[in-house]
Amino acid sequence: MKKILKKSLVLVTVISMFTAMGIIFSSTVQAEENLYDENSWDTMGPAGTESLWEFNTTDSYIRVDAKNQTGLGDMLMAIKDSDLAVGEYEYSAKIDVLETGSTNEVWIGIVPWYIDGGNFIYASLKYVKNTQGTFDFMSYVIHGMYNGQPLQVWEGNWNSRAFLDNWFDGTMAAYKQPLDFVDGHTLKSQITKNEFGDTLLSLFYNGNQVVQYTLNGYSNVASPKVGYLAFNAEVKVSDITVNDITTKATDWTASDGWIYKGVTQSDWTYDGDTDKWTVNSENSGYRQTRAFTTNDQGNNNYYVSTEINEVSRNSSKTEFRYGLLPWYKDEANYIVSWLQFNTDTDQMAVVMTGELNGMPINPEWTDGNLPQDFDITSSHQLKVVKKNTQFEVLVDDVLIVTQNYTGTEENYFVGLEAENATVEFTNFTIGDVYDPYDPIVQVDSNGNEWTTTGKSETAWTWSDDKLTIDATDVLSGKVVSGYTDSEVNDNEIDVSATFNAVSLDTTGEIKYALMPWRVDGNNYIFAGIVKDLSTDKVFVKAYGRVKVEESETTTIIDESYEITDSSAIDFNSLTLKVEKNDAEVKIFVDNNELHVFTIENTDTISSKTGISVAGTNVEITNYQVDGYRSYDEIQIGDWYTKGRTKEEWVINDNTLVVDARFVEGKDFSRIRAYKEIQFTDNYEISVNTTMLNASGNERKYGITVWYLNQDNYIEFWLDMWSDNQDPRTTITGRINGQDINPTWTHGPWMPEVLLEVENTLTVRVTGNDITAYVNDIEMLSHTINEGLTVPQGQTLYAGVDAFSVKAEFTDFSVSEYNEPVDDPGDDNDDNQDTEGTEDTDSEGLSTGALIGIISGSIVILGGAVLFILRKIR
């Protein structure tokens, strides 16, 4: 067991690189680091709180004054690197409450796991003021996200829970007392793995375990940060410790071109004379005894096999497993195939399981029973054949299990694994696999990935933008075809290519076809021209499959039209073009339209296009795909728009509606509509907005304030989160490809009622200063330190943008803005009687009340808490 002590960090050895010639380890030496040195911590909270922190290296404590923060969104937090590799660890800190503030709640806690804003776990004690003015313990609250989604927690089944409120009960009654009477709060977290490979989060208060949850994926992330947090209290944090508590398995070890681990260093032994690995896993648990080596196969179709002989087993266990790792990337991405014996059922089976991105594969377990008389005491061959993402498991050359796992396209390593038994592995072999006409993944001369089929692995070859396909003597009923991602996101798509034959078959048929549409193996279209060599007739053909989800029926497409005058069509050299517009498919040869087919139920947008040929060895050049690509610029009147599809923006007069609910990743900076403006120094933009619908966790819509190109823009948003419907305002952007500083400038949280009506957004630009308003109420301002200059000859644009919402924008206007000059003669205006003249909006909410609500920074909705932290160091 390694420990990181109070004032120094013990070195952690990690695997740093692998090479085809073997496995190389790198050990990084880190100098001693004091845990109370402020340079090692990142503090987070609202602007202006930098002075509230004290880092005392002499007496080993950290002090923060968070008692004057008025809203939970202003909670103060500090985090630092844990310097831990992947594994099991515990983190603890003692928190003394020195003084409480005026707010009715006190929160103090630790941060046991933090990667970024979408990957974190916070564990807090929540205290609420009672009628006597002191604080009672109310609940132990866990708040967390993984990959931007709420915690996946096992509570009889998997549930998504962003907040876990663990209310005090009889077992926790000792904690229900005033804070002033508690001599310190020691909070400790442990992240461990149980024997089934589940991740456990355990939380302790003053030495007593109070919470334990089973999570998905978390401990698979290396080098997490740890820290603590506070709200409405001045606290002192001391006794900070981070301990590596991995005790069930050793570190990885490199030997004989392999990397392996076990309960002890001697669990794996290799006999070079017999090429035999022997592993003792009789005292191991799930995933603890495994070994892997480099997979030197160049493509995604390969096999891995070994002879397995069980020597002995741990008689106290009920399950014994041993087998292959046919695909291994890291501890969060692997597929394992076992021979598994269960003494309760007296059954030997083949089992496949694994993880992708730290989450169980789907289905999590695939079983295939072996014969009841299967003799495990004798030697057996286990073989796994991988064809792209499909895995076939064979025992003694008999196929037992077949399963497909999307996400395993690229190969990395292969290996061995055992549990609860001593096993000998011999004749470990990695080999190439290719069955004629099986799909394989190839890369063309431009780096594009193609999925191809042919009579051999070399049927498709690329060089200097020229594709050669050998489709002569193709077996009857087999297809020589390939497809690639064209990035076109449109139902109007054109595909064209020039075909120059090297040789042609003399019997059967000659075919040139293009694929303008492919969704999957049940939804695709090829269209082209075919010559029947037995009759010398030429046909225009469309063929493929269409599956209608509602009816679950698949239609086989086989449309044919004879070209009666085919003398001008030369199969030695021609240019084929296929145009698809919704259900209409047109076929051209040498720019002459030959026929139009109508194929229903093909209106799903697809970005896959491809080629199919038969009866020819042909060189193909000038392969081109035309159509709308995501985020291409489209002009609608005097507006320029960018979106995921060209239908994303609907513009009618001065009304713009955008449906950006299904944007992938962080493409909100490209979902915008903008137009040219004339003002480069002082101007004002105004627009009325309404959010019509939303999806996803993070929702944004607002004004593109200043836009030159994708690397130079400033945006003002209303933004909100799915678990908190109160919006806030934000300014962000990029100058010369770099984020502005700070990257995000946030205004206050606003009441939910503002989402139920139309809002007017206004932004004023005066030089480098930007001031933003909602319904004429100033929300925030920001100075662009990097400068807002328009280079000579460039055009300035402004407009609107959105992300994960469907929104309407009306009455967009841009006008020159001149700051008003104070008139000394108006001084007496301030003394005018305003009694009884307070304005109210249509909902009966006074402007004064609205300002009060907004300035109050409301952040609590239905008892839930949203942690919004801004980095200030």
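Using a 4.5 Å heavy-atom cutoff, the side chains of Arg728 and Pro748 are not in contact. At least one side-chain heavy atom of Phe231 sits under 4.5 Å from a side-chain heavy atom of Thr103. Residues Trp649 and Ile671 form a side-chain contact, since some pair of their non-hydrogen atoms from C-beta on lies under 4.5 Å apart. The side-chain heavy atoms of Ile714 and Ile770, taken from C-beta on, include a pair separated by under 4.5 Å. When side chains are defined from C-beta on, Glu234 does not count as touching Lys236, because their heavy atoms never get closer than 4.5 Å. Here the side chains of Thr795 and Ile677 are not in contact, with every heavy-atom distance at 4.5 Å or above. Put simply, the side chain of Asn709 reaches to within 4.5 Å of the side chain of Gln794, judged on heavy atoms. Within the 4.5 Å cutoff, the side chain of Trp721 has heavy atoms near those of the Glu698 side chain.
Side-chain atoms of Ser160 and Gln152 form a donor-acceptor pair, as typed in the model, at a separation below 3.5 Å. If you check the side chains of Thr730 and Asp719, you find a donor sitting under 3.5 Å from an acceptor. Remark: the Tyr61 side chain and the Asn56 side chain contain an N/O donor-acceptor pair separated by less than 3.5 Å. Side-chain contact, Thr57 with Asp37: no donor N or O sits under 3.5 Å from an acceptor N or O. With 3.5 Å as the limit, one finds no donor-acceptor pair spanning the side chains of Arg764 and Tyr683. The closest side-chain donor-acceptor pair between Asp485 and Ser607 falls under 3.5 angstrom.
Here CG of Asp739 is found 9.5 Å from CG of Asn741. Values are rounded to the nearest 0.5 Å. The OG atom of Ser804 sits 11.5 Å away from the CG atom of Asn693 when rounded to the nearest 0.5 Å. Interatomic distance, OH of Tyr228 versus CE of Met77, reported as 10.5 Å (0.5 Å rounding). If you take CG on Leu76 and CG on Asn232, they are separated by 11.0 Å, rounding to the nearest 0.5 Å. Taking CZ from Arg644 and OH from Tyr628, the interatomic distance works out to 10.0 Å, rounded to the nearest 0.5 Å. Note that CG of Asp81 and CH2 of Trp41 are 10.5 Å apart. Values are rounded to the nearest 0.5 Å.
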Q. When you look at Val235 and Val237, which way does the side-chain contact (heavy atoms from CB on, under 4.5 Å) test go after all the steps?
A. CA-CA 6 Å; Val235 301; Val237 183; 4.3 Å; yes
Q | From CA spacing to verdict: side-chain contact (heavy atoms from CB on, under 4.5 Å), Asp776, Tyr773 | A | CA-CA 5 Å; Asp776 296 326; Tyr773 305 78; 5.7 Å; no
Q) Are Ile784 and His782 close enough, and set up right, to give a side-chain contact (heavy atoms from CB on, under 4.5 Å), and what steps lead you there? A) CA-CA 6 Å; Ile784 307 299; His782 181 75; 3.2 Å; yes
Q | Pair Ser630-Asn489, side-chain hydrogen bond (donor to acceptor under 3.5 Å, both in side chains): steps then yes or no | A | CA-CA 6 Å; Ser630 293; Asn489 201 1; 3.1 Å; yes
**Q.** Test log, rule salt bridge (Lys or Arg N to Asp or Glu O under 4.0 Å), inputs Lys646 and Glu492
**A.** CA-CA 11 Å; Lys646 66 180 181 181; Glu492 298 179 16; 3.4 Å; yes
Q: Just do the side-chain contact (heavy atoms from CB on, under 4.5 Å) check on Asp490 and Ile605 with the steps written out, would you?
A: CA-CA 6 Å; Asp490 199 355; Ile605 292 176; 5.6 Å; no
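Judged by distance alone, the side chain of Asp711 and the main-chain N or O of Gly737 form no donor-acceptor pair under 3.5 Å. For the pair Arg629 (side chain) and Ser486 (backbone), a donor-acceptor distance under 3.5 Å is present. Judged by distance alone, the side chain of Asp638 and the main-chain N or O of Lys675 form no donor-acceptor pair under 3.5 Å. No donor-acceptor distance shorter than 3.5 angstrom exists from the side chain of Asn768 to the backbone of Thr783, with no hydrogens or angles considered. Listed for the Thr732 side chain is a donor-acceptor partner under 3.5 Å among the backbone atoms of Thr743. Between the side chain of Glu50 and the backbone N or O of Gly48, at least one donor-acceptor pair lies under 3.5 Å.
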Tabulate below the donor-acceptor pairs under 3.5 Å that side-chain atoms of residues 806-816 make, not counting sequence neighbours, or state none.
unit_1 : atom_1 : unit_2 : atom_2 : d
Asp811 : OD2    : Asn688 : ND2    : 3.2

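When all heavy atoms are compared, the tightest approach of Ala798 to Val705 is CB-O, 3.7 Å. The two residues Leu187 and Ile108 make their nearest non-hydrogen contact at CD1-O, 4.2 Å. Heavy-atom minimum distance, Ile240 versus Tyr36: N-OH, 3.1 Å. Shown here for Leu708 and Pro791, the closest heavy-atom pair between the two residues is CD1-CD, 3.7 Å. The two atoms that bring Ala233 and Val106 nearest to each other are CB-CG1, 4.1 Å, heavy atoms only. Annotation for Asn682 and Gly767: closest pair OD1-N, 3.2 Å, computed over non-hydrogen atoms.
For the side chain to side chain contact (heavy atoms under 4.5 Å, CB included) test with Phe716, the passing option among Val800, Thr762, Val774, Asp801 is Val774; the others fail.
Classification of Lys700 and Glu715 as a salt-bridged pair fails, no side-chain N sitting under 4.0 Å from a carboxylate O. In this structure, Lys80 does not pair ionically with Asp42, as no charged nitrogen and carboxylate oxygen lie closer than 4.0 Å. Checked for salt-bridge contact, Glu105 and Lys129 miss the test: no charged N lies under 4.0 Å from a carboxylate O. Contact check on Asp65 versus Arg63 returns no salt bridge, with no Lys/Arg side-chain nitrogen under 4.0 Å from an Asp/Glu carboxylate oxygen.
Relative ring orientation between Tyr640 and Tyr797 is described as perpendicular, the plane-to-plane angle rising above 60° on a 0-90° scale split at 30° and 60°.
Listed by first and then second residue, the salt bridge (charged side-chain N to carboxylate O under 4.0 Å, His left out) pairs that reach into residues 686-696 come to none, sequence neighbours excluded.
Figure legend: Arg672 and Tyr713 shown as a cation-pi pair, the cationic atom lying under 6.0 angstrom from the six-membered ring centre and within 45 degrees of its axis.
The number of heavy atoms from other shown groups lying within 6.0 Å of CG (Asp116) is above 12.
Ring-centre distance between Tyr674 and Tyr707: below the 6.0 Å cut-off.
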